[in-house]
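In what follows, every chain begins at residue 1, and chains take the letters A, B, ... in the order their sequences are listed.
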2 protein chains.
Amino acid sequence: MLDRAVGLLRQLGEAGAGGQQLSRLADALGLSASTTHRLLAALEHHGWVERVDGGKRHRLGAALVALAGQAADGTGLRRICRPALARLSGESGETTFLIVRSGLNAVVVDRQEGDYVIESLTQGVGGLMPLGIGAGSVAILAGQPLAEIEAVLSANAGRYAQFGSSLEQVRHRLARVQADGALMLDDSLIAGLAAISLPIRPPGHAVTAAIAVNFIASRLDAEARQALLERMRREVAAVEASLAVPATLSRPPRGGEG
Amino acid sequence: MLDRAVGLLRQLGEAGAGGQQLSRLADALGLSASTTHRLLAALEHHGWVERVDGGKRHRLGAALVALAGQAADGTGLRRICRPALARLSGESGETTFLIVRSGLNAVVVDRQEGDYVIESLTQGVGGLMPLGIGAGSVAILAGQPLAEIEAVLSANAGRYAQFGSSLEQVRHRLARVQADGALMLDDSLIAGLAAISLPIRPPGHAVTAAIAVNFIASRLDAEARQALLERMRREVAAVEASLAVPATLSRPPRGGEG
DNA sequence: ATTCAATTTCCGCATTTTGGAATTGATGCG
DNA sequence: CGCATCAATTCCAAAATGCGGAAATTGAAT
């Protein structure tokens with residue numbers, strides 16, 4: 001029941017803005033129409049699913065956005081890292097990302113725009129990719145225990161091809177992170193797009209997140225990239241330091257509106 | 001079962017960054033410990049719940065962020081409105097919001113920072129408030145059919161006090177939106193914080209969303225506010241026009257990483 | 001007007017969930 | 001150092017709930 005609901009929501013996520021009709025969902029999940037109907041009704045009741053134009057197509061509902069807003073804050077990391085991301089974006093003019101692990105995937109939890117818009121080329125908040133694909137994703141994976149890395153690699157191996165990487169390439173990049181504590185990538189997923197990423201390692205814990213900067217490769221030469229990397233190292237060091245002191249885990253001030 | 005899972009996730013959302021232990025959750029929801037345990041395990045398996053530091057406290061997981069990223073794009077509105085929000089924030093220097101309805105609540109679906117940071121005063125993406133509270137929220141409610149408005153008002157009446165508004169005040173603001181097609185608010189929720197909001201009405205449909213600009217009241221005089229409002233009217237008109245042509249409902253390009 | 005596909009409702013059966021009780025584990029106290 | 005306490009986890013038989021086939025309804029297309 002719950003698993004079916006999760007599958008249904010995933011499927012709806014794939015469907016995108018236009019939504020999807022009941023019968024297609026039932027087919028895709030191998031469920032009977034009546035079961036699918038009942039599930040959709042229940043989810044709709046909670047606002048997790050809504051009808052497109054009140055018609056017969058279904059899509060993900062706004063209640064999920066609300067829940068996820070709390071989830072993203074929930075790690076606490078987002079609030080802590082946001083000023084760092086803002087500084088990096090502000091000073092470099094490039095787009096900055098905060099990425100965390102979710103099972104076999106990496107998820108973009110926060111993102112700050114730079115002056116240079118690469119909107120359509122990159123993942124938005126909530127964007128998902130296999131662990132091992134994408135600069136930040138690699139940085140996170142590289143910081144896991146060895147057995148964990150192997151488990152993830154073997155589970156994800158089949159997914160790498162569609163992102164234009166081989167298992168060997170992924171392994172090579174992991175090694176670079178482990179050697180340098182950071183990763184610089186060119187033509188990362190998109191030709192001409194470059195990225196620099198750093199793992200975030202809370203003192204006494206394994207790596208839980210990474211920050212990354214994406215930019216058009218031609219915009220920064222080797223020297224500028226090195227400078228940016230050093231800048232990022234300082235920001236990450238500051239973040240890690242502030243994680244050492246558990247700080248206030250209390251809720252943020254319930255503020256104004258939008 | 002599903003309802004209990006939803007309740008559990010809501011409860012975890014309330015808990016915030018520090019997470020919550022099983023027994024408290026069970027108490028809060030009136031469930032037995034074994035049921036709660038089973039639910040948490042199932043949700044954890046899907047990445048919707050995770051353990052804090054691998055310990056015994058639970059919080060919302062990153063998989064929800066991923067799902068919600070799709071949900072937020074899912075309305076299609078976010079992609080369409082983002083350039084408008086960016087222009088408004090860029091030109092005015094203030095913070096801009098895109099808000100949609102979710103049941104009895106309004107949810108912040110997108111947000112663009114201005115030069116002037118009011119981060120801690122305002123809702124982030126995913127922020128939730130009762131329909132009728134907050135400038136954008138009022139604008140949405142005012143555009144619903146009359147019977148709908150009354151239903152929402154009576155359902156939400158009890159929640160207004162905690163936001164410092166009375167039912168009469170809400171009704172008054174609704175009337176202003178209906179008269180002017182927009183709303184200017186002072187001391188909206190926070191003393192010294194002002195807001196301007198406009199409903200977004202897709203041609204041939206009821207109002208489905210609103211945009212709002214929040215700013216420190218002292219930063220803009222009456223004349224500047226009027227100018228900003230006119231600017232917003234133009235942006236909303238353009239958005240509504242682009243909604244008339246269903247445009248491409250296809251998925252966005254699967255781009256690079258974060 | 002008729003047909004066909006898709007959605008929605010109904011209902012008896014059986015699979016699943018349920019919560020009390022027992023077990024294990026962790027933490028603090030005497 | 002061992003005992004007591006509280007929370008988390010596992011187990012199990014009873015039963016409630018979800019399941020899907022079939023029937024009814026909608027509504028769009030011919």
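- Nearer the 5' end of DNA chain C, as judged by each residue's closest nucleotide, is the contact made by Q21(A), out of M1(A) and Q21(A).
- For dG19(C), the OP1/OP2 oxygens have a side-chain nitrogen or oxygen of T35(B) closer than 4.0 Å.
- Proximity note for R51(B) (side chain, C-beta onward) versus dG20(D), dT7(C), dT9(D): the nearest is dT9(D).
- Between L2(A) and H58(A), the residue anchored nearer the 5' end of DNA chain C, judged by the nucleotide with its closest heavy atom, is H58(A).
- Rounded to a whole Å, the CG atom of L31(A) is 15 Å from the C1' atom of dT15(C).
- Contact between the side-chain N/O atoms of H37(A) and the OP1/OP2 oxygens of dT8(C) is found at a separation under 4.0 Å.
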Verdict with reasoning, L31(B) to L25(B), per side chain to side chain contact (heavy atoms under 4.5 Å, CB included): CA-CA 8 Å; L31(B) 299 177; L25(B) 291 167; over 6 Å; no
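- Within the 4.0 Å cut-off from OP1 or OP2 of dC19(D), at least one side-chain nitrogen or oxygen of R38(A) is found.
- One N or O on the side chain of E240(A) and one on the backbone of R201(A) form a donor-acceptor pair closer than 3.5 Å.
- D3(A) places its CG atom 14 Å from the C1' atom of dT15(C), with the value rounded to the nearest Å.
- Rounded to a whole Å, the CG atom of L22(B) is 6 Å from the P atom of dT9(D).
- The nucleotide whose nearest atom lies closest to any side-chain atom of K56(A) is, among dA28(D), dA8(D), dG20(C), dA28(D).
- In this structure a side-chain-to-backbone donor-acceptor pair under 3.5 Å is present from S197(B) to A135(B).
- Residue-environment remark: CZ (R233(B)) exceeds the threshold of 12 foreign heavy atoms within 6.0 Å.
- At a threshold of 4.0 angstrom between heavy atoms, the contacts of R24(B) with the nucleic acid are absent.
- Relative to the side chain of S34(B), the nucleotides dG20(C), dA6(C), dG20(D) differ in distance, and dG20(C) lies closest.
- Look at CG on L39(B): it is 16 Å from P on dT16(C), rounded to the nearest Å.
- In terms of phosphate contacts, R4(B) brings a side-chain nitrogen or oxygen within less than 4.0 Å of OP1 or OP2 of dT18(C).
- For the pair R57(A) CZ and dA5(C) P, the computed distance is 18 Å after rounding to whole Å.
- L29(A) has its CG atom 15 Å from the C1' atom of dC19(D), to the nearest Å.
- Residues S137(A) and G132(A) share a closest heavy-atom pair of OG-N, 2.8 Å.
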